[in-house]
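Heads up: the structure comes next, in structure tokens.
For ligands, and for the atoms within them, numbers begin at 1 and follow the listed sequence.
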Amino acid sequence: MRMYDLISKKKHGETLTCEEIAFMVEGYVGGEIPDYQMSAMLMAIWFRGMEDAEITELTKCMASSGDRIDLSAIEGRKVDKHSTGGVGDKTTLVAVPLVAACGGKVAKMSGRGLGHTGGTVDKLESIPGCRTVLDRKEFFDTVNRYGMSIIGQSGDLAPADKKLYALRDVTATVDSIPLIASSIMSKKLAGGSDCILLDVKTGSGAFMKTLEDSIELARTMVAIGEGAGRRTVALITDMDVPLGNAIGNSLEVMESMDVLKGHGPADLTEISLQLASNMLCLVGRGTLEECRKMAEASIEDGTAFETFCSMVRAQGGDDSVLRDYEKFARAPYRKDILAAQAGYIVKMNAEKCGIASVVLGAGRETKDSCIDFSAGIRMEKKYGDKVEKGDLLATLYTSRKASLEEAGRMYREAVSIGDGPVEKMPLVYARVEIGGIELY
Ligand code: URA
């Protein structure tokens, strides 16, 4: 078999066989297939797409290119969650403790921030002492004891994805549904959970900018998961506007704790409750309605918050900061952004808001940049809100004084004020499962 022939086949829109896909993935991970040939293949896939059967095979080969985590030491059915990434997306910090407090088991491996989007591991590490690297035994023991543990990706999970993602990043081939679906699902399959809940973001701050593409990505990933024997459901949720009122690591932890204490922002609370209900339903805790009631009760009686605190303590963190936010390190510099005119907020470009937070230090400009955990943005007005001239739109926080001007300019550009009121957008657009798509 020759890589040249496979590239030519895909260039002409033909379907690759299982043997050909295995040859390609193994050859690339093993170093026999060079980057320039794989780059040509990625671009051919970008233009020609892949059949569902090809995507499933590609995912399986990528999942078995490294370690596969055996979660059998954890009792009960395990449920995983994955978000395709967004700005202010801290739902893992809320939905996972809701699920654990209601008897679900979540052994979660999360990522770091990528581009303008934040990452759960960075957020957790903003809690003093909280470790995101645990050995297997400690990870399993924490889940068995508290129902949850969230750590960084450990070991050699899907190395084919690591190598392919780095190549896609520099060859303009990230935004391809077969490549995104196989990348995400290879890590989920290797992660070993029985069920998977996917949060596919749609809008200006998401990889998928249109509802149609988001549904196609969700449909593809659900088919892969179910094809591999894992119960898989996807929700399509809004990322046209940043989620909640906070962007930045410790700011987002505080906001997530507000939700668990029962007084968080309505959008974050609603999306987290829907994610948690679906996760609980997947592991057989009841109907969607019953699971939602359970999740709501775990906020009201404080068990979800206490479950999160227990996990933080078990992972070496100081949970007193979650009870008294004054104990979090504070950013030394801040700048208020005021409305330049009266009207309504008619548009918020979520991606630009995310980039402004990266400029403040909340994300990485390069792979090796250090994160400033206290940096970020607190939004006081959001899409649809009425504002008067001079009203406070947002406050920027940073340890780098010089970044305030550029971030302020970006944030102003991201927020448009118009004359008339605008319609509220749905928070959840659709639910996708193997049997069909339910539009909300
Ligand atoms: N997240 C991933 O893990 N992979 C992609 O390709 C895109 C988002």
| Interatomic spacing from CD in E14 to OG in S8 - rounded to 0.5 Å | 7.5 Å
| Nearest-0.5 Å distance, CG of residue N249 to CG of residue L124 | 10.0 Å
| Basic-acidic side-chain contact under 4.0 Å: E125, R112 | yes
Just to confirm my output: which protein heavy-atom neighbour is closest to [atom], and how far is it?
atom	result
atom 3 (O) of ligand 1	K187 NZ, 2.5 Å
atom 1 (N) of ligand 1	I184 CG1, 3.8 Å
atom 4 (N) of ligand 1	S183 OG, 2.6 Å
atom 8 (C) of ligand 1	F207 CE1, 3.6 Å

| field | Subset of ligand 1 atoms that lie under 4.0 Å from at least one heavy atom of Y165 | value | 4 (N), 5 (C), 6 (O), 7 (C)
| task | Return yes if a side-chain donor-acceptor contact under 3.5 Å exists between D258 and Y325, otherwise no. | result | yes
| message | Tell me the nearest of R168, H82, Q153, M208 to atom 6 (O) of ligand 1, using heavy-atom distances. | response | R168
| said: Quick test of your reading: applying side-chain hydrogen bond (donor to acceptor under 3.5 Å, both in side chains), list the pairs with at least one residue in residues 30-39, sequence neighbours left out, ordered by first then second residue. | reply: Y28-D35
